[in-house]
Number of protein chains: 2
Amino acid sequence: MRAVRTQQNTAPFVRLFGRYLREQGLPITQQRELVAEVVFSTDRHLSVDEIEETLRAGGERIGKATIYRTLDLLVRSQLVEEHDFGEGFKRYEHRLSPQPVHEHLICTECGGVWEFRSTEVEKIEERVAREYAFRPTRHKLEIYGLCEPCREAGAEIPYEGLTCPIETV
Amino acid sequence: MRAVRTQQNTAPFVRLFGRYLREQGLPITQQRELVAEVVFSTDRHLSVDEIEETLRAGGERIGKATIYRTLDLLVRSQLVEEHDFGEGFKRYEHRLSPQPVHEHLICTECGGVWEFRSTEVEKIEERVAREYAFRPTRHKLEIYGLCEPCREAGAEIPYEGLTCPIETV
DNA sequence: GTCCATGCAAACCTTTTGCACTATA
DNA sequence: TATAGTGCAAAAGGTTTGCATGGAC
């Protein structure tokens, strides 16, 4: 198996995925390791197309079905998180960073994604857990808007709603 | 035009949508009014199939394409919000409640959705706007977990991750 | 040797689009 | 009467699945 892209030393992370597969009694295949390596090699939020393209750029040709199936395993293992930023397809991000839990800032102009930590959200979780007798397992906080470069480039937030919006009737 | 479902007096809301259409120079059609009426007649988060079904139950047969096109207008008018709770399709909720801005609690067992207000999120928005020079336009906070009835019924959170999860490597 | 994964293509599902026809203003 | 909407069916686009072949253990 050849390294597809080695910005970081992905070997320990890939090994962790191997451990998960072994625990589940599933074979460790070249394809699975290669897909995992691509996902672990970047901190970006990759789409399936981007993963496929990265593999191809590294000389590896892996079927989309296998990529989807491997991503499913990576998500089940909890080593990878699935995101949907409303683009019509999913994105995947590994959780082996120093900041495994974080929220997202998404620029609606350029599609850029930034990450931030928020201890406040955990407090909100606790509060609603109490008030609604709800047991939270995970949450998702996404703030959409314009990033500074886009705003400086003159991007505007289009307003198409009613000319005199009503908040309550 | 016949009332499809009148749990609440939806007429003023539908009229608001009419005003939006007029402002945009678009015709007010029976189909548009009927779809709007269904969406405004409930506080639930409706899927396109549910809207179609409700219309059919009321004796109205409106093509799915028209429903999708009307929902697009309702969302543009800001009278309706689009949600994606990860079910593989979208849901729609009108914003003409006493609580137009709110967050969601989603039970992963029964699919139930509860709403709660959080002023904390606005503070988080302000904070990251400052820290990241980001101009927020909207946000989405969703907390997934188990609601009390499901938990009492014995529902468990399946854990399939690595037996010894690592937070950081 | 057994079981499972892979790759391809077909199927799937939601959503969008093209087009002939119809309704709105 | 001009302009835009409707409904149907087909297309689109991401994701999943069936099946014959090939690989892991």
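Reminder, nothing fancy here: chain letters follow the sequence lines and each chain counts from 1.
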Peer 1: Under 4.5 Å between side-chain heavy atoms, counting indirect links through other Ile/Leu/Val/Met/Phe/Trp/Tyr residues: same cluster for A/Tyr144 and B/Val128 or not?
Peer 2: no
Peer 1: At under 4.0 Å between heavy atoms, what does A/Arg61 touch on the DNA or RNA strands: base, sugar-phosphate, or nothing?
Peer 2: sugar-phosphate
Peer 1: Tell me, do A/Val39 and A/Phe13 make a side-chain contact under 4.5 Å, heavy atoms counted?
Peer 2: no
Peer 1: Determine the interplanar angle of the B/Phe85 and B/His83 rings, folded into 0 to 90°, and report it as parallel if under 30°, tilted if 30 to 60°, perpendicular if over 60°.
Peer 2: parallel
Peer 1: Sugar-phosphate atoms are those with a prime plus P, OP1 and OP2; base atoms are the rest. Using that split, label each nucleotide of nucleotides 18-25 of chain D B, S or - for protein heavy atoms under 4.0 Å, 5' to 3'.
Peer 2: B-----SS
Peer 1: Whole angstroms only, please: what is the CG-C1' distance between B/Leu21 and D/dA4?
Peer 2: 12 Å
Peer 1: Could you state the CG-P distance from B/Leu55 to D/dG7, rounded to the nearest angstrom?
Peer 2: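 Atom CG in B/Leu55 sits about 10 Å away from atom P in D/dG7.
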Peer 1: Atom CZ of A/Phe89 and atom C1' of D/dA12: how far apart are they, to the nearest Å?
Peer 2: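 Distance check: A/Phe89 CZ to D/dA12 C1' gives 15 Å.
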Peer 1: Please report, rounded to the nearest Å, how far the P atom of D/dG14 is from the CG atom of B/Asp84.
Peer 2: 15 Å
Peer 1: Which residue lies toward the 5' end of DNA chain D, B/Leu73 or A/Lys64, if each is placed at its nearest nucleotide?
Peer 2: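 Of the two residues, B/Leu73 wins.
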Peer 1: For the side-chain contact (heavy atoms from CB on, under 4.5 Å) test, which of A/Glu156, A/Glu109, A/Glu152 pairs with A/Leu146?
Peer 2: A/Glu109
Peer 1: Roughly, in whole Å, what's the span from CG in A/Asp49 to C1' in D/dT15?
Peer 2: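 Distance, rounded to whole Å: 11 Å.
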Peer 1: A/Tyr68 side chain N/O closer than 4.0 Å to the phosphate oxygens (OP1, OP2) of D/dT15?
Peer 2: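 Result: yes.
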Peer 1: In the single-linkage hydrophobic clustering (I, L, V, M, F, W, Y; side-chain heavy atoms under 4.5 Å), do B/Val14 and B/Leu26 co-cluster?
Peer 2: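 Yes, because B/Val14 and B/Leu26 connect within a single hydrophobic cluster, where side-chain heavy atoms sit under 4.5 Å apart.
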Peer 1: Give the first and the last nucleotide of DNA chain C, reading 5' to 3', that has any atom under 4.0 Å from a heavy atom of chain A.
Peer 2: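 Nucleotide range in contact with chain A: C/dC4 to C/dC8.
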Peer 1: Looking at B/Glu126 and B/Arg130, does any basic side-chain N land under 4.0 Å from a carboxylate oxygen?
Peer 2: no
Peer 1: Between B/Glu103 and B/His139, what is the shortest heavy-atom contact and its length?
Peer 2: OE2-NE2, 2.9 Å
Peer 1: Identify whether B/Phe40 and B/Val113 are in the same connected component of the hydrophobic contact network (ILVMFWY, side-chain heavy atoms under 4.5 Å).
Peer 2: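 Different clusters.
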Peer 1: Nearest-Å distance, CD (B/Gln31) to C1' (D/dG7)?
Peer 2: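 For the pair B/Gln31 CD and D/dG7 C1', the rounded distance is 9 Å.
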Peer 1: Measure up the A/Phe17 and A/Tyr20 rings against each other and bin them: parallel (under 30°), tilted (30 to 60°), perpendicular (over 60°).
Peer 2: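 Correct class here is parallel.
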Peer 1: Quick check on D/dG5: is either OP1 or OP2 less than 4.0 Å from any side-chain nitrogen or oxygen of B/Thr66?
Peer 2: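 Looking at the OP1 and OP2 atoms of D/dG5, neither is under 4.0 Å from any side-chain N or O of B/Thr66.
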Peer 1: What is the distance, to the nearest angstrom, from the CD1 atom on A/Ile67 to the P atom on D/dT16?
Peer 2: 13 Å
